[in-house]
2 protein chains.
Amino acid sequence: MVALKSVVVSRSTLKRLPLYLHLVEGLYAQGVEHVSCTAIAKEFDFDPTQVRKDIEVTGEVGTARVGFSVTGLVIRIREFLGWNNAHDAFLVGAGNMGKALLGYKDFEKYGLNIVAAFDKDTRKVGSRIFGKEVLALSKLPNLVKRMHVHIGIVCVPAEHAQPVADLMINAGIQAIWNFAPAPLRIPEGVILENARLTQSLAVLTNNLTRKLNTTKE
Amino acid sequence: MVALKSVVVSRSTLKRLPLYLHLVEGLYAQGVEHVSCTAIAKEFDFDPTQVRKDIEVTGEVGTARVGFSVTGLVIRIREFLGWNNAHDAFLVGAGNMGKALLGYKDFEKYGLNIVAAFDKDTRKVGSRIFGKEVLALSKLPNLVKRMHVHIGIVCVPAEHAQPVADLMINAGIQAIWNFAPAPLRIPEGVILENARLTQSLAVLTNNLTRKLNTTKE
DNA sequence: TCCATATCGATATATTTTTCTCGATAAAAC
DNA sequence: GTTTTATCGAGAAAAATATATCGATATGGA
């Protein structure tokens, strides 16, 4: 055993790492070789120690007075996030959000390779969206098994989300990325990540409402 | 002064409130009149005390042995989140993500009313997407002022995000919902909320990678 | 009517996350 | 060659967040 990468890391840290990655990839493109925590922190208005602690989990070590190697950070963060080898994914629900995700070119850079889409609407089945086939939902279980697909993306309306998730899990899907505004019940061992825009929106509208109220008074 | 709604509340609480709201709206539709924290907590695998604390910020009070009024919760949570009167918003960038957001019918329920879209691509300008006009970006500043639009949604590629945000802020936009995978620099007082999918994806792919590694060993 | 119980609200404790402090070290300045 | 300074890594302190405890209270059943 070389390194113990299986450290459980807080969600907060995990969510900051892509920010750092984006930054250091930019620096790499510019030919910059080293970067300090202080510099990274300044970019995001974070505390330098926090940045150092975050980087620590990736296994990358820095040098005093020099900082961290930019290439080292790119490699280690990508590796830590599991973004070096993209995982195959199936998407269910070729509505607006589903289409938008299918059209997003950069997911492969973020560890995700959407292989095909599924829909129960027979009019959509057989078509292609951004080059990706839309298949009948009934085909999903067999294909998950045959192709060893790990990730399922749920983009269906709230009322269909649970049955779709169940279908995926029974087929052997190991992780679900849920865009439906519904809480999913999933068995232990299966990974669930909610990408609920309404939560983000709640933070925004609450802040805005408070701001408008306080400035008025 | 009646109630002091201007309490600053943690992001975590703010993000859980929409979950509760969704649940109690469902209960309301079923005709249920009261619900306890214990019941809500069970639904999401949260701690009942946490749910009680979250609800406390909305100003709704419960009754021992009975729980909280379902209608009371619906009203108070929606009010607290600022979802009773939708704020007008302009969206910039009518690409895939932009289109998906324009097509999302339910935003009005979540306090957001997308009034129009803007794009610098002259081929898109003049068209309509899901009934919403696509206008030239140069028209944005005047319209923000005339229509008193508060929210700006940034759906442009990373490299254009900052100039677009600057344009919005100079025009008087008070809150920005950012979908671009780029950190935005904004002046104090302006509200920024990032809806970055890559952060959510990072949590998912990291968990999955760890899971696959540990089960293999 | 009285007792058992579910639930609330308030307070206290525990845990997690963030920030601060400090000695060590490597590069740059003198 | 010595001093100064930026930065790291480790550990301590502070702040934020989540969980547990407990008395009060309202309902339902003995």
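Predicted, not measured: the structure shown is a model, and the values here were computed from it. All chains are named by letter (A, B, ...) in the order of the sequence lines, taking the proteins before the strands, and each is independently numbered beginning at 1.
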Calculate the interatomic distance between [X] atom [atom1] and [N] atom [atom2]; express it in whole Å.
X	N	atom1	atom2	answer
B:Ile40	C:dA6	CD1	P	18 Å
B:Asp47	C:dA14	CG	P	15 Å
A:Leu14	C:dT18	CG	C1'	17 Å
B:Gln50	C:dT16	CD	P	13 Å
A:Arg16	C:dT19	CZ	C1'	12 Å

request  = Among residues two or more places apart or on two chains, list those pairs meeting ring-ring contact (aromatic ring centres under 6.0 Å, His included) that have a residue in residues 178-214 of chain A.
outcome  = A:Trp177-A:Phe179

ask   = Hey, where on DNA chain D does chain A first and last touch, going 5' to 3'? Cut-off is any atom under 4.0 Å from a heavy atom.
value = D:dT5 to D:dA12

task = Tell me which of A:Ser12 and A:Ala64 sits closer to the 5' end of DNA chain C, going by the nucleotide each one is nearest to.
result = A:Ser12

note = Comparing nearest nucleotides in DNA chain C, the 5'-proximal residue of the pair A:Arg52, B:Arg52 is B:Arg52

Would you say [X] has more than 12 foreign heavy atoms packed within less than 6.0 Å of its [atom1]?
X	atom1	value
A:Phe107	CZ	yes
B:Asn170	CG	yes
B:Asp166	CG	yes
A:Lys132	NZ	yes

Across the strands shown, which category fits [X] at heavy-atom distances under 4.0 angstrom: base, sugar-phosphate, nothing?
X	result
A:Thr63	sugar-phosphate
B:Arg11	nothing
B:Phe46	nothing

task = Establish, from distance only, whether the side-chain atoms of B:Asp54 and B:Gln50 form a donor-acceptor pair under 3.5 Å.
result =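 Looking only at side-chain atoms, B:Gln50 and B:Asp54 do not form any donor-acceptor pair under 3.5 Å.
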
ask   = Strictly by modelled atom types, are A:Arg210 and A:Asn207 linked by a side-chain donor-acceptor pair under 3.5 Å?
value =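 Yes, side-chain donor-acceptor contact under 3.5 Å.
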
ask   = Any N or O donor-acceptor pair linking the side chain of A:Arg65 to the base of C:dA27 at under 3.5 Å?
value = yes

query = Minimum heavy-atom separation for A:Gly95 to A:Asp119, with atom names?
reply = N-OD2, 4.4 Å

note = In short, B:Val190 meets A:Lys211 closest at the heavy-atom pair CA-NZ, 4.3 Å

task = Estimate the overall bend of the helix from C:dT1-D:dA30 to C:dC30-D:dG1 from the end axes over five pairs each, rounded to 10 degrees.
result = 0°

